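Throughout, a chain's letter reflects where its sequence line sits, starting with A, and its residues are numbered from 1. If you're wondering where the values come from, they're calculated on a predicted model, not measured in any experiment.
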There are 2 protein chains.
Amino acid sequence: MTAKRVPPAQLAPQLRDAITRLNRRVRQARPVGDLTVTQLSALTSLRLAGALTPRELADVERVQPPTMTKIVAKLEERGLVRRTPHPTDGRQVILSATEGGQAVLDQFERVRDEWLARRLAELTEPDRETLRQAAEILQQLARA
Amino acid sequence: MTAKRVPPAQLAPQLRDAITRLNRRVRQARPVGDLTVTQLSALTSLRLAGALTPRELADVERVQPPTMTKIVAKLEERGLVRRTPHPTDGRQVILSATEGGQAVLDQFERVRDEWLARRLAELTEPDRETLRQAAEILQQLARA
DNA sequence: CGGGTTCATTAGCTAGGCTAACTATTGTGA
DNA sequence: TCACAATAGTTAGCCTAGCTAATGAACCCG
């Protein structure tokens, strides 16, 4: 794959379409049970952090608080997340993954035949390396 | 950025989260007027192809026909897309971009201060090259 | 101590997807 | 030639994913 200098204004539509289409495809493939990608992502962030407030989790996931309220409600309904009162501030709650939530994530991390992992396994090593680097840059862009 | 061998099962969550978060961000930034990213993408595909049936456009955009029916209805409402009867098959319609639709896309292609284009302009050339290559791979994954 | 700020939630909305079912049209085989 | 199967697009209904504005409870600061 030879390098071609593509100006940002031309790369933007290409990247946007790629992101849009892959996102659709990824969302259809429920990686674990019937959790949505959004729920899975929030649960993963919660587990990585140990505990977060709804506002913090919303920030990490790049959504507004009301959206996170609903996501967390679903996870709580399924027993995957617990809420505890904030030790010093009555306005806040502390969220953490329950053992059930951790188990779901453990299972997810071991899945090798999940759609995206399988597709990635079919790529060449250099292509995977490109995507690994791209993932970091894309996360950076999302934080901008 | 040194290369690190990351197995596919580990890369999958990283890539998925990156895609999910950037997709959210990209959707908030309406690149042209008040067209959504989905509408813009469909209109772009239509313009590139010259004319497509709803089924064909749905295939290109990786959505189901009922979804494309609704997307096209919105574009038609705004006078950006026209429907014409199929010359030989009464079941089908032919979709094409109107002059208004083409003008919108011309305008979009000239926008340099659109959010994503600006973010990309701020990256290093090697990072942009990584994303250019990644966009191709991601499109390929979306077609899988 | 009162007003402003913060936190999370609720209400209401749009967009984006899907499946199942439907209607109209075409194609095929007996 | 006709009946049935298949196809194309749409409609209905549903769920997910987001947002903003408003609300109530709690906290902070002058």
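- Salt-bridge check for D34(A) with R78(A): passed, with a basic side-chain N closer than 4.0 Å to an acidic carboxylate O.
- Among the atoms of the strands shown, base atoms are found under 4.0 Å from some heavy atom of T67(A).
- The residue among D89(A) and V63(A) whose nearest nucleotide of DNA chain D is located toward the 5' end is V63(A).
- Distance from the side chain of Q28(A) is smallest to dG17(C) among dA21(D), dA24(C), dG17(C).
- T53(B) has no side-chain polar atom (N or O) that falls below the 4.0 Å cut-off from OP1 or OP2 of dT7(D).
- For T88(A) and K74(A), each mapped to the nucleotide of DNA chain D holding its nearest heavy atom, the one lying further toward the 5' end belongs to K74(A).
- Whole-Å rounding puts the Q39(B) CD to dG17(C) P distance at 11 Å.
- Among the nucleotides dA6(D), dA17(D), dA8(C), the one closest to the side chain of R91(B) is dA6(D).
- Of the candidates dA15(C), dT26(C), dA8(D), the closest approach to any side-chain atom of T36(B) belongs to dA15(C).
- In this entry the distance linking CD of Q64(B) with C1' of dA21(C) reads 15 Å, nearest Å.
- When distances are taken from the side chain of P54(B) to each of dT10(D), dT9(C), dA26(D), the shortest belongs to dT10(D).
- Of the candidate nucleotides dG16(C), dG18(D), dA12(D), dG16(C) has the atom nearest to the side chain of R27(B).
- The CG atom of N23(A) sits 11 Å away from the C1' atom of dG17(C) (whole-angstrom rounding).
- Partner M68(B) forms a side chain to side chain contact (heavy atoms under 4.5 Å, CB included) with one of L57(B), L52(B), V60(B), D59(B) and no other, that one being L57(B).
- Nucleic acid contact for T38(A): sugar-phosphate only, since backbone atoms but no base atoms lie under 4.0 Å from a heavy atom of the residue.
- Look at CG on D34(A): it is 9 Å from P on dT16(D), rounded to the nearest Å.
- The minimum heavy-atom distance linking D127(B) with L123(B) is given by the pair CB-CB, 4.1 Å.
- Atom CG of L57(A) and atom C1' of dC7(C) are 14 Å apart (whole Å).
- Residue contacts for T20(B): at a heavy-atom cut-off of 4.0 Å it reaches no nucleic acid atom on any strand shown.
- A salt bridge does not link E77(B) with K74(B): every distance from a Lys NZ or Arg NE/NH1/NH2 to an Asp or Glu carboxylate oxygen is 4.0 Å or more.
- A salt bridge does not link R82(A) with E76(A): every distance from a Lys NZ or Arg NE/NH1/NH2 to an Asp or Glu carboxylate oxygen is 4.0 Å or more.
- Atom CD in Q92(B) sits about 5 Å away from atom P in dG9(D), given to the nearest Å.
- If you check dC27(D), dT10(D), dC19(D) against the side chain of K70(A), the one that comes closest is dC19(D).
- Applying the 4.0 Å criterion to OP1 and OP2 of dT10(D), one finds that R83(B) has a side-chain N or O inside that range.
- Distance from the side chain of P66(B) is smallest for dA20(C) among the nucleotides dA11(C), dA8(D), dA20(C).
- The interatomic distance linking L35(A) (CG) with dA17(D) (P) rounds to 10 Å, in whole Å.
- Comparing P65(A) and R24(A) along DNA chain C, the residue whose closest nucleotide (by nearest heavy atom) sits nearer the 5' end is P65(A).
- The distance between atom CG of L22(A) and atom P of dG17(C), rounded to the nearest whole Å, is 13 Å.
- Using a 4.0 Å cut-off between charged nitrogen and carboxylate oxygen, D106(B) and R47(B) count as a salt-bridge pair.
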